[in-house]
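For reference, the structure I am asking about is given below.
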2 protein chains.
Amino acid sequence: MRTPTIRDVAARAGVSKSLVSLVLRGAEGVRPEKRAAVMTAIEELGYRPNAAARSLSERRTRTVGVLLNDLRNPWFVELLDGLNSRLYDSGLHTLLADGHLNRRLGEDLTRTFTELRVDGLVAVGTLQDPQALRTAAGRIPTVVVGTREPELPGVDIVANDDEHGARLATEHLIGLGHRHIAHIAGHGAVGELRRRSFEATMREHGLEGTAVVEQGDLTEEGGYRATVRLLSRPERPTAVFAVNDMSCVGALSAAEESGLQVPRDLSLVGYDNTYLSRLRHLWLTTVDHAGHDVGRRAAQRLLDRIENPGRPGEVELAAPFLEVRGSTGVVGEG
Amino acid sequence: MRTPTIRDVAARAGVSKSLVSLVLRGAEGVRPEKRAAVMTAIEELGYRPNAAARSLSERRTRTVGVLLNDLRNPWFVELLDGLNSRLYDSGLHTLLADGHLNRRLGEDLTRTFTELRVDGLVAVGTLQDPQALRTAAGRIPTVVVGTREPELPGVDIVANDDEHGARLATEHLIGLGHRHIAHIAGHGAVGELRRRSFEATMREHGLEGTAVVEQGDLTEEGGYRATVRLLSRPERPTAVFAVNDMSCVGALSAAEESGLQVPRDLSLVGYDNTYLSRLRHLWLTTVDHAGHDVGRRAAQRLLDRIENPGRPGEVELAAPFLEVRGSTGVVGEG
DNA sequence: CTCATGGGTTGGACCGTTCCATAAGCCGCC
DNA sequence: GGCGGCTTATGGAACGGTCCAACCCATGAG
């Protein structure tokens, strides 16, 4: 028994395949009894439309490909949620693929999605291969989300406002009376923006003399090492603003190891408001990167771009906000 | 300019579309100069095969759909890695979809994958809708991975041996001299297996009198609450084996809150060896669920089932192992 | 010289839909 | 009775590949 096609349904319902097609797409002007006959035939045969045949004929897939940079670090879940729901409202499905997993295999996911003829492409986070994304973006409406790079022609970027977020974190610490504040930096455009904004904010408050930056790498290990270096300085900082939650957890470990209590002896602020920071045991003050909002806006951008592919690429920023938890406190109080 | 098709390539290379097709599929017996002509035409036109057309004609997609239960809890990353690499070796791509995200939208992903005519289906973790999976499994070779339910006709299950894992954890604690050991249980088949094995192991060591079970729910919050209850008992346990790492982190918080030091006053063992347990700040002793191995075996099962769809469903278990870190210690020592 | 052999290539049917132009049927009106 | 107009249904041509039987053309054997 082959899987049934639209013709099998038609034969069983005693109508033409065209009418079945009309019913499937919910067309007006089909006589109710015929519609019912078709529906029962579909039911009885367990018919399911063939997406390949449909998209071949329709010349679109109603599907959006989402490229994730690394499943291991699920900062993007809220973002996906926003993206997904907005796209779904417009009748688009999303398919995910993880770049990290597939890169080791030498598989180029932009190519896979290109061959699938997805209607749009969303790159979540910084991808390994900007060149592949560039060529894909030449064919498929593309939006980059949750990062600030790469900037490509005809590609929109939607992210949170890192400068604003870093300012929020830094001013929060300054407001608590901290003067010796350190920043654990990360690489890439996002790391750059956050660091610069940290430095600018410190300068605005006349604290450029006591601002310190240590380089991290967005991992726990990097955050740990950077903090160990920070704490061995003659003028030990009383607060650390880490480029992301992961680094912040590393900072937390380093602090405890050297006998410092958080937040009594050292205040910590992370970035991303991942579920890590929400763990009762960590309970980090952090900057929420407005993932849901970013995702929704990205979806809207993509829909616009599918409508009107020619438009030049733009950058759209959502406003992050501070989530104050237990890792920050007034300086010198305990 | 339409996107080029195989016929455009053929015209440009001065050959028939059939020959282009042969070249694309790397067929033998094509004259080298013709092959070269086709390749340059492909290059010049930027031709990309159309997956829909190909799969319509070939009547298969070379694609496997992977259903994830919840991206927020990324215990399955290693597993995906194993799965992916094995499938890729056999020329199959994987597409991911997250059930949690899409369920809210009322989208049935098994249906989406059925319409896509994926060659196989992998359900990672317990899904919300076993009924949908059952009907999908009736059409598409299906394997359930990393969980023990649902058991469906013609569906293989590949997971780690929870009974063995729970035994490892429990005997580790007993070996450290613990007698009053508690278990934070989880729901579902997996929770049941781990709890039963905990109880059996305790019984074998004559410790059924001091074994305690509190119900959790696999979340941090649940682990926290269960531990608070445990610690308020007259006979406080000296060790806790939690059903998963997430619960274990909750237990850790509860312990610290009531002034107990881990592992001096309370030993803790988790399950899954997620990156959470590897965080220096938590550094949990945990049972590794052999994700990579499970993933590879699942891929093999799926490939077998694609070859031979009729076979009845079987359960295959991989051996978990203990990962001793900092959250367990000899009883009474500090 | 004829004919079988076989490597290399090709046209056309087919996969399962959508879409469009056209047909069928019915009604009312002149 | 013929005809225009309207609603509803239909056949056939795409869509872009794969696959297969048939074809072409050297080559070598008989």
Side-chain angles (χ1 to χ4, degrees), chain A residues 1-39 41-42 45-63 91 111-112 114-119 139, chain B residues 1-39 41-42 45-63 91 111-112 114-119 139:
Chain A
M1 260 291 277
R2 255 176 38 275
T3 68
T5 75
I6 201 174
R7 287 168 221 266
D8 299 322
V9 174
R12 182 168 194 113
V15 299
S16 72
K17 63 175 182 27
S18 302
L19 189 69
V20 177
S21 177
L22 288 173
V23 170
L24 280 173
R25 284 171 292 141
E28 308 279 294
V30 173
R31 210 178 292 273
E33 54 268 33
K34 295 234 176 187
R35 177 187 303 277
V38 170
M39 294 306 278
I42 286 175
L45 293 173
Y47 167 80
R48 290 283 179 281
N50 180 321
R54 171 172 291 174
S55 68
L56 183 58
S57 177
E58 273 192 309
R59 322 197 53 164
R60 61 168 170 176
T61 51
R62 297 174 194 275
T63 296
R111 194 180 189 103
T112 306
T114 306
E115 297 193 357
L116 281 175
R117 300 287 194 269
V118 292
D119 295 341
R139 306 158 183 273
Chain B
M1 261 292 277
R2 255 175 39 273
T3 67
T5 76
I6 200 173
R7 288 166 221 267
D8 299 322
V9 174
R12 183 170 194 110
V15 299
S16 73
K17 62 176 181 28
S18 303
L19 190 70
V20 177
S21 177
L22 288 173
V23 170
L24 280 175
R25 284 171 292 141
E28 307 279 295
V30 173
R31 210 176 292 274
E33 54 269 33
K34 296 234 175 187
R35 178 187 302 278
V38 170
M39 293 307 276
I42 286 175
L45 293 174
Y47 167 79
R48 289 285 177 281
N50 180 322
R54 172 174 290 174
S55 68
L56 183 58
S57 175
E58 274 191 310
R59 321 195 58 166
R60 64 170 168 174
T61 52
R62 299 175 193 274
T63 297
R111 195 182 189 102
T112 306
T114 307
E115 298 192 355
L116 280 176
R117 301 286 194 270
V118 292
D119 295 341
R139 306 159 183 271

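A, B, ... follow the sequence lines: proteins, then strands. Residue 1 opens every chain.
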Estimated bend of the helix from C/dC1-D/dG30 to C/dC30-D/dG1 (axis per five terminal pairs, rounded to 10 degrees): 80°

Expected list for residues 48-55 of chain A: side-chain donor-acceptor pairs under 3.5 angstrom, two or more places apart:
residue, atom, partner, partner atom, Å
A/N50, OD1, A/A52, N, 2.8
A/N50, OD1, A/A53, N, 3.1
A/S55, OG, A/A51, O, 3.2
A/S55, OG, A/A52, O, 3.3

Min side-chain heavy-atom separation A/V20-A/V23 under 4.5 Å: no

N/O (side chain, B/R59) to phosphate O (OP1/OP2, C/dG16) under 4.0 Å: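 Yes, because at least one side-chain N or O of B/R59 sits under 4.0 Å from OP1 or OP2 of C/dG16.
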
Reading 5' to 3' through nucleotides 5-14 of chain D, protein heavy-atom contacts under 4.0 Å coded B for base, S for sugar-phosphate only, - for none: ---SSBBB--

For A/R12, side-chain hydrogen bond (donor to acceptor under 3.5 Å, both in side chains) partners two or more places apart: A/E44

Nearest-0.5 Å distance that lies between atom OG1 in A/T5 and atom CG in A/L45: 9.5 Å

Residues within residues 46-53 of chain A bordering DNA chain D, heavy-atom distance below 4.0 Å: none

Partners meeting side-chain hydrogen bond (donor to acceptor under 3.5 Å, both in side chains) with B/E58 (sequence neighbours left out): B/R62

Length of the CG-C1' vector between B/L24 and D/dC19, whole Å: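 Checked: the CG to C1' distance equals 14 Å.
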
Any B/R2 side-chain nitrogen or oxygen under 4.0 Å from OP1 or OP2 of D/dC15: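 Looking at the OP1 and OP2 atoms of D/dC15, neither is under 4.0 Å from any side-chain N or O of B/R2.
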
Shortest non-hydrogen separation from B/Y47 to B/I6 and the atoms involved: CE1-N, 3.6 Å

Distance below 4.0 Å between B/R117 side-chain N/O and C/dC15 OP1 or OP2: no

Within residues 26-37 of chain A or reaching into it, pairs that qualify as salt bridge (charged side-chain N to carboxylate O under 4.0 Å, His left out) - sequence neighbours excluded: none

Under the side-chain hydrogen bond (donor to acceptor under 3.5 Å, both in side chains) test, residues paired with B/T61 that sit two or more places apart: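 Applying side-chain hydrogen bond (donor to acceptor under 3.5 Å, both in side chains) to B/T61 gives B/D119.
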
Nearest-angstrom distance from the residue atom CD of A/E115 to P of D/dG16: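 The answer, rounded to whole Å, is 15 Å.
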
Integer-rounded Å distance: D/dC15 C1' and A/L56 CG: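 Interatomic distance, CG of A/L56 to C1' of D/dC15: 4 Å.
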
Separation between CG of A/D8 and CD1 of A/I42, rounded to the nearest 0.5 Å: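 Separation between the atoms: 12.0 Å.
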
side-chain hydrogen bond (donor to acceptor under 3.5 Å, both in side chains): pairs with one or both residues in residues 16-26 of chain A, sequence neighbours excluded: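 Passing the test, one end in residues 16-26 of chain A: A/S21-A/R25.
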
Side chain to side chain contact (heavy atoms under 4.5 Å, CB included) partners of B/R59, counting only residues at least two apart: A/R2

Interatomic distance where CZ belongs to A/R25 and P belongs to C/dC20 [whole Å]: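 Answer to the nearest Å: 10 Å.
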
Nearest-0.5 Å distance, CZ of residue B/R139 to OG1 of residue B/T114: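 The distance works out to 6.0 Å.
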
Length of the CD1-P vector between B/I6 and C/dT10, whole Å: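 To the nearest whole Å, that distance equals 12 Å.
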
Gap between atoms CG and C1', on B/L116 and C/dG16 respectively (whole Å):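 These atoms are roughly 14 Å apart.
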
Just the table, please: protein N/O against nucleotides 22-28 of chain C N/O, every pair under 3.5 Å.
none

A/T112: side-chain hydrogen bond (donor to acceptor under 3.5 Å, both in side chains) partners, not counting sequence neighbours: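 For A/T112, the residues satisfying side-chain hydrogen bond (donor to acceptor under 3.5 Å, both in side chains) (neighbours in sequence not counted) are A/E107.
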
